[in-house]
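Below, all heavy atoms of this structure are taken into account, side chains as well, without hydrogens, waters or symmetry copies.
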Amino acid sequence: MNLEFLNTATTKELERFKSVCNQLLSRTYIVRTLYQPGKGRVDNPDYTFLSIHYEAVQEYLSLLDWEVRRDDLNGYFYVQNTDEANRCNLSKKETAILLALRMIYDENQERLGLEQDAICTVRDLLEKVVTDYAILPARPNMDEVKRALTLLENHSIIQRIEGKFNQGHCKIAILPTIIAAVSSEKLHDVVSVLRKEENADEETQEDPVD
């Protein structure tokens with residue numbers, strides 16, 4: 001059993017093992033590269049450790065009903081609870097922002113380099129949400145945008161490069177983990193549902209019941 005690694009690991013390796021497991025449980029994803037100011041994208045040592053000790057982490061978390069999965073092509077690991085206990089419930093506006101990020105990522109896939117991150121600004125994102133993709137009829141306020149983007153960064157879907165999330169010029173990287181967060185099969189179905197809900201709300205407002 002690969003958990004024998006825990007009996008022979010050094011103190012430093014055990015600390016890294018615990019850190020990696022806690023990150024997977026709290027952030028869902030561990031990505032291959034991270035952005036560091038002044039350095040650009042750098043290798044993530046936690047990803048490297050998990051690549052080496054994947055089976056040990058996999059077996060350990062399986063005891064807690066967590067399944068570790070990997071996407072070597074796009075460069076990330078992630079976990080799913082066997083009872084789906086790790087589902088994150090998003091509001092309508094948070095969902096719209098997540099879907100727009102996935103669409104932007106898809107638009108840029110042919111231009112993505114080895115880092116496989118799509119770069120955009122918050123202003124670009126909001127333009128897509130309201131105008132280009134018409135997921136929402138009006139822009140969310142900047143406090144709502146900040147809450148949504150902070151949540152997504154906490155789950156390693158995006159990473160802030162510069163600026164603040166409540167600023168239009170804020171630059172963010174859309175990480176390849178968004179592929180697992182929003183499958184292509186669900187993408188257009190969810191967008192259609194949101195658009196129908198918005199249209200229904202507008203009709204109700206225009207034609208109130210006497």
Sequence-distant partners of [X], side-chain contact (heavy atoms from CB on, under 4.5 Å), two or more places apart:
| X | value |
| --- | --- |
| Asp72 | Tyr47, Arg70 |
| Arg147 | Asp143, Glu144 |
| Glu107 | Lys128, Tyr133 |
| Ile52 | Thr48 |

* **Results of side-chain hydrogen bond (donor to acceptor under 3.5 Å, both in side chains) for Ser26 - residues two or more places apart only** =>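 In terms of side-chain hydrogen bond (donor to acceptor under 3.5 Å, both in side chains), with neighbours along the sequence ignored, Ser26 is linked to no residue.
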Test of understanding: with ring-ring contact (aromatic ring centres under 6.0 Å, His included), list the residues that count as partners of [X], not counting sequence neighbours.
| X | answer |
| --- | --- |
| Phe165 | none |
| Tyr78 | Tyr29, Tyr76 |
| His155 | none |

* Asked: Applying salt bridge (Lys or Arg N to Asp or Glu O under 4.0 Å), which residue pairs with at least one partner in residues 151-178 are found, sequence neighbours left out?
  ->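 Those involving residues 151-178 do not exist here.
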Residues in salt bridge (charged side-chain N to carboxylate O under 4.0 Å, His left out) contact with [X], at least two apart in sequence or another chain:
| X | result |
| --- | --- |
| Asp124 | none |
| Lys18 | Glu15 |
| Asp106 | Arg102 |

